[in-house]
Amino acid sequence: MVRTSFVIYLSLAAFGQSPDDHQTDDHKATVSPLPGENILLPCEYRMVLPGAGTPVKAAWVIFCRGQDYLKWFEDSRVRAFARQRALALILAAHCRSIEREDMIVEPLSGVGRSLFTALDQFADSTNRPELKTVGVIAMGWSGAGSLVARLAGYRPDRYLGAIAFAPGSYDPLGMNTIKLTAEAIIIPQLILANGGDKINGTDRPYAYFRKHFDQGAPWTFAVQNRAPHCCLQNAQTLILDWVNAVLSSEPGRRRMKSFGFLKVELSDLLDEWKNPVFNSTASRISAHSTPKTGELPSGWMPSPEFAREWLSFTQRKFPLAIWPP
């Protein structure tokens, strides 16, 4: 959850002046709300494409909720990864709702239609017709984490995966209210919670993960120890390894052969719902899905590279760096 004054700043920061504004491969799209949609102002999008002549294989959508996400979109390593995987990299300024002037987390309120309309606009403006049909991976922080989780149920036919970072939203749209169909549950999700997060905490993100993993979902959970409600860049290698693994696996033929487990301890911090926040004290990988005493199942390891990075990430006692949220 993020206060309105902060949200207004983000919208200006995301689409104001930046080091990449001069680049010729940056494309922009604006989608106006339709009557009856809960959208205050037109939604704005930026896109970077792979090289000319390279067909786009998927779209990676980053919902902008702060400088971490603008930095991610402009990061040279992320852009190189997108080029290598033939991804359209898209920065989406969240659609602000009418009643709260904060972002919309429910796709049916207009933000889902707006995203796929933007892809159609980009397809026409860049002569890349494949953008109208390619699959989408979406990533978001805080309220946008709730949004990307819900998008799986909005267009499961176009959804390849979700990365929900420190996810959560105000009631009655919390992570505990997300309902996904069987078709949506089989789409991979990576849920990342922070062990120093006094806002969305670890309890609700983990409960969201566990509910669906126990139903056979190829999902993964990780905790960033002692990090507050911020600090996406610490997880860059973990996220890139996960995206690479998901894109390399064939939907419908995924087999969960490697599993992660965490041991955790409660801190003296509480989230906004007064639930205790936990940190990881140990983690391990196994070919068997049964946890040992005192362990929390933490989901699917989609590749050996990801599994190694997941172990390293969850075994750090402290985050690499902390940025102001």
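These values consider heavy atoms only, across backbone and side chains, with no hydrogens, waters or symmetry-generated copies. Keep in mind the model is a prediction, meaning the values are calculated, not measured.
- Alongside Leu270, the hydrophobic cluster contains no other residue (criterion: ILVMFWY side chains under 4.5 Å).
- With no hydrogens or angles considered, a side-chain donor-acceptor pair links Asp171 and Trp273 at under 3.5 Å.
- Within the structure, the salt bridge (charged side-chain N to carboxylate O under 4.0 Å, His left out) test picks out no pair touching residues 188-200 (sequence neighbours left out).
- Between Glu305 and Asn244, the side chains place no donor N or O within less than 3.5 Å of an acceptor N or O (distance only, hydrogens not considered).
- For the residue pair Thr237 and Arg77, a side-chain donor N or O sits within less than 3.5 Å of a side-chain acceptor on the partner.
- Scanning for side-chain contact (heavy atoms from CB on, under 4.5 Å) contacts around Ala149 gives Met175, Ile178, Gln189, Tyr208, with sequence neighbours left out.
- In this structure, the side-chain contact (heavy atoms from CB on, under 4.5 Å) partners of Thr54, at least two apart in sequence or on a different chain, are Pro50, Ala86.
- Of all non-hydrogen atoms in Ser97 and Ile104, the two that sit nearest each other are CB-CG1, 3.5 Å.
- Take Asn38 and apply the side-chain hydrogen bond (donor to acceptor under 3.5 Å, both in side chains) test, not counting sequence neighbours, and it matches Glu99.
- Checked by atom type and distance alone, the side chain of Asn234 pairs as donor or acceptor with a backbone atom of Ala321 at under 3.5 Å.
- In this structure, the side chains of Leu151 and Val136 stay at 4.5 Å or more apart for every pair of heavy atoms.
- Under the 30°/60° scheme for interplanar angles, the aromatic rings of Phe221 and Tyr206 are found to stand perpendicular.
- With sequence neighbours left out, the disulfide bond (SG atoms under 2.5 Å apart) criterion links Cys231 to no other residue.
- For Lys132, the side-chain hydrogen bond (donor to acceptor under 3.5 Å, both in side chains) criterion is met by Asp124, not counting sequence neighbours.
- Between Phe261 and Phe259, the ring-plane angle classifies as tilted under the 30° and 60° cut-offs.
- More than 12 heavy atoms of other residues, nucleotides or ligands lie within 6.0 Å of NZ in Lys71, so this atom counts as buried by the packing criterion.
- Counting only heavy atoms from C-beta outward, the side chains of Tyr45 and Val61 never approach each other to under 4.5 Å.
- For the side chain to side chain donor-acceptor pair (under 3.5 Å) condition, the pairs that include at least one residue of residues 213-223, sequence neighbours left out, are Arg210-Asp214.
- Partners of Thr117 according to the side-chain hydrogen bond (donor to acceptor under 3.5 Å, both in side chains) rule, which considers only residues two or more places apart in sequence or in another chain, are Arg113.
- In this structure the side chain of Leu247 never reaches within 4.5 angstrom of the side chain of Lys57, judged on heavy atoms.
- There is no side-chain donor-acceptor pair under 3.5 Å between Arg204 and Ser169.
- Taking Arg158 as the reference, nothing meets the side-chain hydrogen bond (donor to acceptor under 3.5 Å, both in side chains) condition, with sequence neighbours excluded.
- Side chains of Met301 and Ser286 form no contact here, defined as non-hydrogen atoms less than 4.5 Å apart.
- Between the side chain of Arg79 and the backbone N or O of Phe73 there is at least one donor-acceptor pair closer than 3.5 Å.
- Applying the side-chain contact (heavy atoms from CB on, under 4.5 Å) test to Thr290 and every residue at least two apart in sequence or in another chain returns nothing.
- Residues satisfying the side-chain contact (heavy atoms from CB on, under 4.5 Å) criterion with Ser32, sequence neighbours excluded, are Pro42.
- Residues Ile187 and Leu180 are not in side-chain contact: their nearest non-hydrogen atoms beyond the backbone lie 4.5 Å or more apart.
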